[in-house]
Amino acid sequence: MHNSPGFLAQLTPAQREAVEATEGPVLVIAAAGSGKTRVITRRIAHLVHLGIPPWQILALTFTNKAAGEMADRVRSLLGERDIDARGLTITTFHSLCARILRRYAEVLGVKGLDHTYSIYDSDDQSALMKRVLKRLDLSSGNFPPSTMLGRISNLKNQLVTVESAQGQAGDFFTRQVSRVYTAYDAALRENNAVDFDDLLMLTARLLREHPEVKAELQQRFTYLLIDEYQDTNHAQFLIASELADASKNICVVGDPDQSIYAWRGADISNILDFESQYPDARVIALGQNFRSTEYILKAADELIRNNEKRKHKDLYTEREGGVLPQATLCRDEHHEAEFVLDCFQRLHEEEGLRWSDMAVFYRTNALSRVMEETLRRAGVPYIVARGTAFYQRKEVKDALAYLKTITNPLDEISLRRIINLPARGISKTTMERLERFAIHTGTSLFEALRRVQEAPALNARAIASVQRFVSTVLGWQHEAHNTAIVSDSGDDGAATAHRFADFVRRVLTESGIEKHYKKLAVGEEDAQRLENLHELISSAADFALLWFSAENDEGRGVEIDRERPEQPTLLDVLRAWLEQVSLVADVDALDSEVGALSLMTLHAAKGLEFPAVAVIGLEEGLLPHGRSNESEDALEEERRLCFVGMTRAEQHLVMTCARRRTVRGVTQSSIASRFLGELPQDVVQFSDQSEVGYEFDDDADDPLDRARQEYPKGSMVRHPQFGVGRVHSCIPGGYVKIAFPTVGVKTLAIEYARLERVE
DNA sequence: ATGGCACTCCTTTTT
DNA sequence: GGAGTGCCAT
């Protein structure tokens, strides 16, 4: 037996088995909180310790955050024993595919796609889809872009090609979908662009159709590990299967009870059928929960038992007792937020929990707003898991569109975005004419811009403007292409970072967008925009520094990037940066070091844990979401979502629902979620606070009730300034709303308003 | 040509 | 409550 102290210590027999079963297919069913991350990281460390070259190991996750944390932990495990961890590939499915496609795009031989491709995010996708629908004359509204994109995404995840979609199309709607799919796909190729689903689909296709590439990659990666396997879709399944086909060293880790991405094409049968796919697979179940206290676990377990399509597995913990989870009915979303704040403030002050030990989860992003406002007012530091938010800001997208145009002038979505921003006299009419010219001559839009003099019906001013724009872009392109990014000697990365950031800065200046936003920057919001542009520049510098050290990390990316240019240029770094920027996830924004309370969707919460958790908005229509009414499967997924949220909690769990809630500006009364009814009464503390004021001291009588007694609805009061008015309502927090004939409805603080009852 | 304002419509979750 | 569109005034 190997003497590998450390990596096997402090593991249960099952965990240890999962770490040591290095050869052949392995399925680890890891229940919530069963030490999955511990097992995965030690398994990788163990492999390296056994002498497997790190670059032969590939670990795949769904988010950069998960990948980053995994890599950090493996590195520190190995670092403790002075083992070199360099060369490990721990990344997301999408990043891996993006890299593979950069390397093999030309081999793949898809017309219109080469290694300079752009990655379209959802905004770009929907911009492109709108153009496609317009061109097909389907922009009437019966075919909303989002629906179309959703359908196409499903097809791609199922690896259904344009051709087979056309073949299968049956009813009218499906036929239209396949028509749109065909046109949308063609449009992507015209732009030399791929969407997120293409990254997977095209990689799957590459592996299937090009045995020589497959063989190369199989040789490169002989040990494969996949996290959250229950959330893989068919394309991901195929990629994994193909990569593992030679070595059969594939270890998948997951939990069917935490499958929450079926709506995005995740196929739970990937994990359920693993054993029939690999009949000699080792199956290891990790059942003991090390995370949550007994009551929390019991409540979650009781809930998930309501799912009928499920193989039950017992959850057990040695952490007996604990604090009872609470389920509380609140008055409205403001009250709900105050209530959560109150609970957390108590934990912070009385139990010494740090803000970073706590998290609030919700079903939809829209629910974060009120919670955020409440926290801001209370001065509690918080962070919202919305990693994409920064890159979705208008000014940042504008800047990135300039950079994308430099790397890929065929990218029309980016080109259109910036062509007249800032306004440089290239009007809509001019663009329409140029577009017609492009179609007529069978060239790209950018090519048409280059040949603007040949285009008909353009005035001299427009031509001059276009020419100036084109030559600026060509100038950047030329420079980016011809500047070596790494200086010959003595560069520690700082020079590289500086050179890259400087280029980005110059693009922002010379394009005129910096000036454009500077001119606007009078208000606070506009100043923020300018600041964001500057932040983008420093993010470019940060990236270049990282890129530099990766580049000099011997053994890293050897085979995938084998044909990398000898002398990388500015353009290469720019491409790598834009790629990384395109693939950030919302959770990536979270950083437990910051010391802030975390706010995120239940989906983003998967894989995380916190000493204290609040799940808000447990109402019918919200959780389970209204859109899940259609099928029993969808409802069960909602229940799993709730389960995932609850099982993130280590010691304290608060669940809330509001009697009334304002959604999209309309206040509606709501019904408590059926999931609350499914929780066991004996280990969950239910309470109705909806009739109680904001004060939760049990013995203090309710100030709202008192106010209502003193100023009943409809009664008349006199105000020293406004005169006599009629009481409209009493508002929590010691306020009263009064309608005065003189000044209209006023909200006044009872304590200070010096009101007088009149008969 | 450009920018501002009022109108409508839509909203689940995400790489 | 937000984004996108279309119209109007500059």
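Side chains included, hydrogens not; waters and symmetry mates left out as well; all remaining heavy atoms used. Throughout, a chain's letter reflects where its sequence line sits, starting with A, and its residues are numbered from 1.
If you measure from atom CG of A:Asn233 to atom C1' of B:dT15, you get 10 Å, rounded to the nearest angstrom. Taking atom CZ of A:Phe196 as the reference point, atom C1' of B:dT15 lies 6 Å away to the nearest angstrom. For A:Ile260 and B:dT13, the CD1 to C1' distance is 8 Å, given to the nearest whole Å. Across the protein-nucleic acid pair, A:Asn154 atom CG and B:dT14 atom P stand 16 Å apart, rounded to whole Å. Remark: C1' of B:dT14 and CD of A:Gln125 are 11 Å apart, rounded to the nearest angstrom. A:Tyr391 places its OH atom 15 Å from the C1' atom of B:dT15, with the value rounded to the nearest Å. The separation between A:Leu199 atom CG and B:dT14 atom P is 18 Å, rounded to whole Å. Atom CZ in A:Arg264 sits about 4 Å away from atom C1' in B:dT14, given to the nearest Å.
Side-chain N/O atoms of A:Asp267 and A:Ser269 include a donor and acceptor closer than 3.5 Å. Side-chain contact check for A:Thr116 and A:Asn192: at least one donor-acceptor pair (N or O, by modelled atom type) lies under 3.5 Å.
Comparing A:Thr92 and A:His625 by the nucleotide of DNA chain B whose heavy atom lies nearest to each, the residue mapping closer to the 5' end is A:His625. With DNA chain B read from its 5' end, the first of the two nearest nucleotides for A:Ala585 and A:Ser628 is the one closest to A:Ser628.
Residue contacts shown for A:Phe93 are absent, as no nucleic acid heavy atom lies under 4.0 Å away. A:Asn365 comes within 4.0 angstrom of sugar-phosphate atoms only, judged by non-hydrogen atoms across all strands, and of no base. Using a 4.0 Å heavy-atom distance criterion, A:Thr662 is classed as making no nucleic acid contact.
Rounded to whole Å, the P atom of C:dG4 lies 16 Å from the corresponding atom of B:dT13.
The neighbour count for A:Ile671 CD1, taken as heavy atoms of other residues, nucleotides or ligands under 6.0 Å away, does not exceed 12. Heavy-atom contacts from other residues, nucleotides or ligands closer than 6.0 Å to CZ of A:Arg461 number 12 or fewer.
Between A:Arg102 and A:Arg575 there is a side-chain heavy-atom pair separated by less than 4.5 Å. In this structure, A:Glu395 and A:His516 have side chains that are not in contact, with every pair of non-hydrogen atoms separated by 4.5 Å or more. A:Glu637 places none of its side-chain heavy atoms less than 4.5 Å from the side chain of A:Ser628. Side chains of A:Arg386 and A:Ser368 form a contact here, defined as non-hydrogen atoms less than 4.5 Å apart. Looking at A:Lys397 and A:Asp121, their side chains come closer than 4.5 Å, going by heavy atoms from C-beta outward. Within the 4.5 Å cutoff, no side-chain heavy atoms of A:Asp198 are placed close to those of A:Leu101.
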Can you name the atoms? Protein N/O to nucleotides 7-10 of chain C N/O, anything below 3.5 Å, with the distance.
none

Could you list the protein-to-nucleotides 1-3 of chain B atom pairs, N/O on both sides, closer than 3.5 Å?
from: B:dA1; atom 1: OP1; to: A:Ser427; atom 2: OG; distance (Å): 3.4
from: B:dT2; atom 1: OP1; to: A:Gly425; atom 2: N; distance (Å): 3.3
from: B:dT2; atom 1: OP2; to: A:Asn420; atom 2: ND2; distance (Å): 2.9

Which protein N or O atoms sit under 3.5 Å from an N or O of nucleotides 1-5 of chain C?
from: C:dG1; atom 1: OP1; to: A:Arg369; atom 2: NH2; distance (Å): 3.1
from: C:dG1; atom 1: O5'; to: A:Arg369; atom 2: NH1; distance (Å): 3.2
from: C:dG1; atom 1: O5'; to: A:Arg369; atom 2: NH2; distance (Å): 3.1

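For A:Asn157, no side-chain nitrogen or oxygen approaches OP1 or OP2 of B:dT15 to under 4.0 Å. Side-chain nitrogen and oxygen atoms of A:Ser95 include none within less than 4.0 Å of the OP1 or OP2 phosphate oxygen of B:dT15. In this structure, A:Thr601 reaches the B:dT14 phosphate: one of its side-chain N or O atoms is under 4.0 Å from OP1 or OP2.
When the nucleotides B:dT15, B:dT13, B:dT11 are ranked by their closest atom to the side chain of A:Arg627, B:dT11 comes out on top.
With sequence neighbours excluded, no residue forms a side-chain hydrogen bond (donor to acceptor under 3.5 Å, both in side chains) with A:Tyr362.
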Could you go through the salt bridge (charged side-chain N to carboxylate O under 4.0 Å, His left out) check for A:Arg264 and A:Asp231 one step at a time?
CA-CA 9 Å; A:Arg264 219 175 80 192; A:Asp231 284 327; over 6 Å; no

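Of the residues in residues 411-418 of chain A, not one comes within less than 4.0 Å of DNA chain B through any heavy atom.
Because its NZ or CZ atom is not both nearer than 6.0 Å to the ring centre of A:Tyr261 and within 45° of the ring axis, A:Lys606 does not count as a cation-pi partner of that residue.
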Using distance only, find each side-chain donor-acceptor pair of residues 616-623 of chain A under 3.5 Å and give its atom names and separation, not counting sequence neighbours.
from: A:Glu619; atom 1: OE1; to: A:Arg661; atom 2: NE; distance (Å): 2.9
from: A:Glu619; atom 1: OE1; to: A:Ser670; atom 2: OG; distance (Å): 3.4
from: A:Glu619; atom 1: OE2; to: A:Ala658; atom 2: N; distance (Å): 2.7
from: A:Glu619; atom 1: OE2; to: A:Arg661; atom 2: NE; distance (Å): 3.3
from: A:Glu619; atom 1: OE2; to: A:Arg661; atom 2: NH2; distance (Å): 2.6
from: A:Glu620; atom 1: OE1; to: A:Arg674; atom 2: NE; distance (Å): 3.3
from: A:Glu620; atom 1: OE1; to: A:Arg674; atom 2: NH2; distance (Å): 2.6
from: A:Glu620; atom 1: OE2; to: A:Arg674; atom 2: N; distance (Å): 2.7
from: A:Glu620; atom 1: OE2; to: A:Arg674; atom 2: NE; distance (Å): 3.0

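For the pair A:Phe62 and B:dT15, the ring geometry does not qualify as stacking, because the centroid separation below 5.5 Å and plane angle under 30° are not jointly satisfied.
Ring to ring, A:Trp263 and A:His603 are close: their centroids are under 6.0 angstrom apart.
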